[in-house]
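In what follows, a structure is listed as structure tokens, so that the remarks can point back to it.
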Amino acid sequence: MKPSFERLAERRARALHGGGEERTGAQHRRGKLTARERIEVLTDEGSFEEFGMFVEHRATDFGMDQRRVPGDGVVTGWGTVNGRAVFVFAKDFTVFGGSLSETHAQKIASLQDMALKNRAPLIGLFDSGGARIQEGVAALAGYGEVFQRNVLASGVIPQISLIMGPCAGGDVYSPALTDFIFMVKDTSYMFVTGPDVVRAVTNETVSAEDLGGALVHTIKSSVADGAYDNDVEALLQMRRLIDFLPSSNTSEIPEWPSFDDPGRSEASLDSLAPDDPAKPYDIKELIAKTVDEGDFFEIQEAHARNIVTGFGRLGGRTAGFVANQPMVLAGTLDSAASRKAARFVRFCDCFNIPIVTFVDVPGFLPGTEQEYGGLIKHGAKLLYAYGEATVPKVTIITRKAFGGAYDVMASKHLRGDVNFAWPGAGIAVMGAKGAVEIIFRSDMGDTDKIAARTREYEERFLSPYVAAERFYIDDIIMPHETRKRVARALAMLRGKTLQNPWKKHGNIPL
Ligand code: HXC
């Protein structure tokens, strides 16, 4: 072999060695894969090409001139997921704890530029100790360059962050600027400042898990959109998610072969929603029975469970689903549910993904806790998101659509394209009991009179016909034909064009 070839093989082997056997072993003992092993699981076999494998940092302080590792703690490149191009960077915890240096940041920024120019998703696999402490401000500058590119790419290409180890300081803000964050249970943490700093500043003693583990961020803070048991499962789920997403805001929605008849009738749906409005039912059953092959990728499953958001397909093409969940808080809209759904609706609208909305909502959640927490502003986020969305919007009212929440949930008045109701739906300012107590207060002592008034109110308003007479509802459909009617509506709306007035950008109530 020529000496130059030998030299290449030797340099490549050294780069692939990462932080060495001992640190790789420690990574494995913690149940974590290495950066390159992760990329292998994420991308199609043999498809990944690495860029910048020989890049080394240029720092000299604190003896760093004696410690250079090719690649500098991040593996960057591109590959395919089921044949579609994706750009991937993976922090290598075995090299300086995956910490970000000036050159490490340059590698990520260059990949971000490439993903943006080539209009393909960018996936970041995080496992890092934050800013490279020995580099100081050069590392901070590097983060700034990465953040700026995250912002510019937002709404142009899907950006996904998978947190697979510790993630502190600068390494939480780049993920926070991306579309989705997923975590690995028990091995990943996200916090702006770690437990030691927390103790020093606030005297509070808290474990890394309790401060920023997967449960905290998927249930409480809603920083993360989901969590998985281990690296392999998380990476395989990312492949599944990518299959739902278009490559950019100018790409077509991916279309996959489906063996599920779009006209499939589901007789069991006719008995799904109980007539008694106080009785709950699981809206996820409706979603599962509507989408192709029951395949639904839920986003933020554990947070604000009174609303369900996620991706499914109809006729092989992706749609975003938003559905009130009567099983939790009776499906009311509170601040958390409004924020969760608003963010999801805006993602769909960025990437031209049609939105299907299932409505069973008794209203906004009343109370001081909600009002003090800014329900007005958070509820307005969802109103704003639906109101600005120009993608096809298909809405089905399955039971209750009361008060302001009726307007919010992709009603005709917010440019819903096709709005259906099931025969048992009721669309009104409020439920019968509350309404009668207010408008017939003088009759409250007379139970017969109140019962008659309640019946009268129910007959007049708690049906879909008043709304249908006014053409706020396009048709009243049988529950069993929901899949067919939604699929047909989406097929009809494929050529929809609608533009909002020109503006620099709107001012969503943040
Ligand atoms: C340089 C780092 C490093 C860092 C870890 N290492 N973090 N090197 N800069 N930020 C190195 C360690 O020296 C060690 O090197 C190797 O990575 C593994 O680290 P350990 O501490 O042995 O691992 P572990 O016990 O698993 O702990 C992981 C950790 C801890 C929790 C991430 O290392 C840690 O707390 N690191 C510092 C976190 C931090 O405060 N970062 C700065 C955030 S501020 P050897 O050679 O021994 O293997 C920030 C500002 C940006 O990011 C803000 C922008 C908005």
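Numbering of ligands and ligand atoms starts at 1, following listing order.
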Side-chain heavy-atom pair Ile283, Pro326 within 4.5 angstrom cut-off = yes
Is the closest N or O pair between Arg132 and ligand 1 shorter than 3.5 Å?
-> no
Pick one of side chain, backbone, both or neither for how Gln27 approaches ligand 1, counting any non-hydrogen atom pair under 4.0 Å.
-> neither
Note the single closest protein heavy atom to atom 25 (O) of ligand 1, along with its residue, its atom name and the distance in Å.
-> Arg30 NH2, 3.8 Å
Considering only NZ, NE, NH1 and NH2 on the basic side and carboxylate oxygens on the acidic side, decide whether Lys185 and Asp229 come within less than 4.0 Å.
-> yes
Counting heavy atoms under 4.0 Å, the part of Leu140 that contacts ligand 1 is side chain
Take the angle between the ring planes of His57 and Phe96 and call it parallel below 30°, perpendicular above 60°, tilted in between.
-> perpendicular
Is there a protein heavy atom less than 4.0 Å away from atom 46 (O) of ligand 1?
-> yes
Walk me through it: do Phe311 and Cys348 pass the test side-chain contact (heavy atoms from CB on, under 4.5 Å)?
-> CA-CA 9 Å; Phe311 301 106; Cys348 291; 4.1 Å; yes
Protein contact to atom 48 (O) of ligand 1 [nearest heavy atom, distance to 0.1 Å] | Arg23 NE, 2.7 Å
Measure the distance from atom 51 (C) of ligand 1 to every protein heavy atom, then report the residue, atom name and distance (to 0.1 Å) of the closest one.
-> Gly170 N, 3.3 Å
State whether any protein heavy atom lies less than 4.0 Å from atom 17 (O) of ligand 1.
-> yes
Would one find more than 12 heavy atoms of other residues, nucleotides or ligands at under 6.0 Å from atom CZ of Arg415?
-> yes
min-distance protein heavy atom vs atom 23 (O) of ligand 1 -> Phe93 CZ, 3.8 Å
Would you please classify the geometry between the Tyr189 ring and the Phe191 ring as parallel, tilted or perpendicular, with 30° and 60° separating the classes?
-> parallel
Distance-only, no hydrogens or angles: does the Arg132 side chain make a donor-acceptor pair with backbone N or O of Ser99 under 3.5 Å?
-> yes
Nearest to atom 31 (C) of ligand 1, what protein heavy atom do you find, and at what distance?
-> Pro166 CB, 4.4 Å
Any protein heavy atom < 4.0 Å from atom 34 (C) of ligand 1 = no
Any N or O of Ile133 that comes nearer than 3.5 Å to an N or O of ligand 1?
-> yes
Considering Tyr143, Tyr189, Phe147, Phe191, which one's heavy-atom position lies nearest to atom 55 (C) of ligand 1?
-> Phe147
So the atoms of ligand 1 within less than 4.0 Å of a heavy atom of Arg67 turn out to be 46 (O)
Report the part of Ser99 (side chain from C-beta onward, or backbone N, CA, C, O) that has a heavy atom under 4.0 Å from ligand 1; answer both or neither where that applies.
-> side chain
Any protein heavy atom lying closer than 4.0 Å to atom 13 (O) of ligand 1?
-> no
What's the shortest distance from atom 6 (N) of ligand 1 to any protein heavy atom, and which residue and atom give it?
-> Phe96 O, 3.8 Å
Does a side-chain heavy-atom distance below 4.5 Å link Pro121 with Ile242?
-> yes
Would you mind checking which non-hydrogen protein atom is closest to atom 36 (N) of ligand 1, with the distance to 0.1 Å?
-> Gly129 O, 4.2 Å
Protein heavy atoms: any of them under 4.0 Å from atom 39 (C) of ligand 1?
-> yes
Rounding to 0.5 Å, atoms CZ (Arg38) and CG (Asp127) come to a distance of 4.5 Å
Any chance NZ of Lys117 has more than 12 other-residue heavy atoms, nucleotides or ligands included, within less than 6.0 Å?
-> no
among protein heavy atoms, the one nearest atom 10 (N) of ligand 1 is Ala131 O, 2.8 Å
Flag atom 8 (N) of ligand 1 as yes if some protein heavy-atom distance to it falls below 4.0 Å, otherwise no.
-> yes
A student checking ligand 1 against Gly130 at a 4.0 Å heavy-atom cut-off should list atoms 52 (O)
Taking only heavy atoms of Gln134, which atoms of ligand 1 are found under 4.0 Å from at least one of them?
-> 1 (C), 9 (N)
State plainly whether the residues Asp44 and Arg239 are in salt-bridge range, i.e. N to O under 4.0 Å.
-> yes
In this structure, are over 12 heavy atoms from other groups packed under 6.0 Å from Glu21 atom CD?
-> no
Do Lys284's NZ or CZ and the ring of Phe296 fall within the cation-pi criteria of under 6.0 Å and 45°?
-> no
Would you kindly check if the NZ (Lys) or CZ (Arg) of Arg313 is within the cone defined by 45 degrees around the ring axis of Phe244 and under 6.0 Å from the six-membered ring centre?
-> yes
Going by the order shown, which atoms of ligand 1 are within less than 4.0 Å of some heavy atom of Gly169?
-> 49 (C), 52 (O)
